[in-house]
Amino acid sequence: MSRAYKIALILKSRNSLPVYKDLSKLSDRELDEQVSAIVRRMRANEAHVIARMVLRQPTFSMN
């Protein structure tokens with residue numbers, strides 16, 4: 001991921017980091033840590049949603 005994409009991802013997430021720090025002054029390692037934390041939270045939230053999904057009978061379509 002490019003540096004600009006990581007900054008955009010942090011700004012679009014519900015992260016309070018931009019309020020306290022200037023993202024352009026963060027080192028590459030700090031940006032990587034923040035992005036990995038965001039991805040970790042996203043995966044945890046998805047796992048929670050998937051675990052609560054109702055399983056349906058498998059179906060197929062003949063197109």
Side-chain angles (χ1 to χ4, degrees):
M1 275 187 252
S2 70
R3 185 172 175 83
Y5 185 79
K6 291 176 186 176
I7 291 173
L9 184 65
I10 292 171
L11 288 173
K12 288 180 183 177
S13 71
R14 294 182 183 176
N15 195 339
S16 60
L17 183 69
V19 174
Y20 300 109
K21 291 189 179 185
D22 183 10
L23 297 178
S24 63
K25 293 182 181 178
L26 289 178
S27 69
D28 288 338
R29 188 180 63 79
E30 289 173 320
L31 272 177
D32 287 339
E33 289 173 357
Q34 292 298 323
V35 169
S36 64
I38 291 170
V39 170
R40 205 174 321 115
R41 284 195 307 270
M42 287 169 59
R43 284 186 181 147
N45 289 340
E46 287 177 3
H48 180 70
V49 169
I50 291 170
R52 299 183 76 205
M53 288 174 65
V54 177
L55 296 176
R56 307 220 184 275
Q57 294 295 324
T59 60
F60 67 94
S61 175
M62 297 178 68
N63 288 334

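What you see below is based on every heavy atom in this structure, not just the backbone, and it leaves out hydrogens, waters and symmetry mates. Being a predicted model, the structure only gives us computed values, none of them experimental.
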Of all residues at least two apart in sequence or in a different chain, which pass the side-chain contact (heavy atoms from CB on, under 4.5 Å) check with S2? A4, Y5

With sequence neighbours left out, write down each residue that passes salt bridge (Lys or Arg N to Asp or Glu O under 4.0 Å) with R3, or none if nothing qualifies. D28

Do any side-chain atoms of residues 6-13 form donor-acceptor pairs under 3.5 angstrom with protein atoms, and if so which ones, sequence neighbours left out?
unit_1: K6; atom_1: NZ; unit_2: D32; atom_2: OD1; d: 2.3
unit_1: S13; atom_1: OG; unit_2: I10; atom_2: O; d: 2.8

Which residues pass the side chain to side chain donor-acceptor pair (under 3.5 Å) test with S27, not counting sequence neighbours? E30

Test salt bridge (Lys or Arg N to Asp or Glu O under 4.0 Å) applied to E33 - qualifying residues, sequence neighbours left out: R29

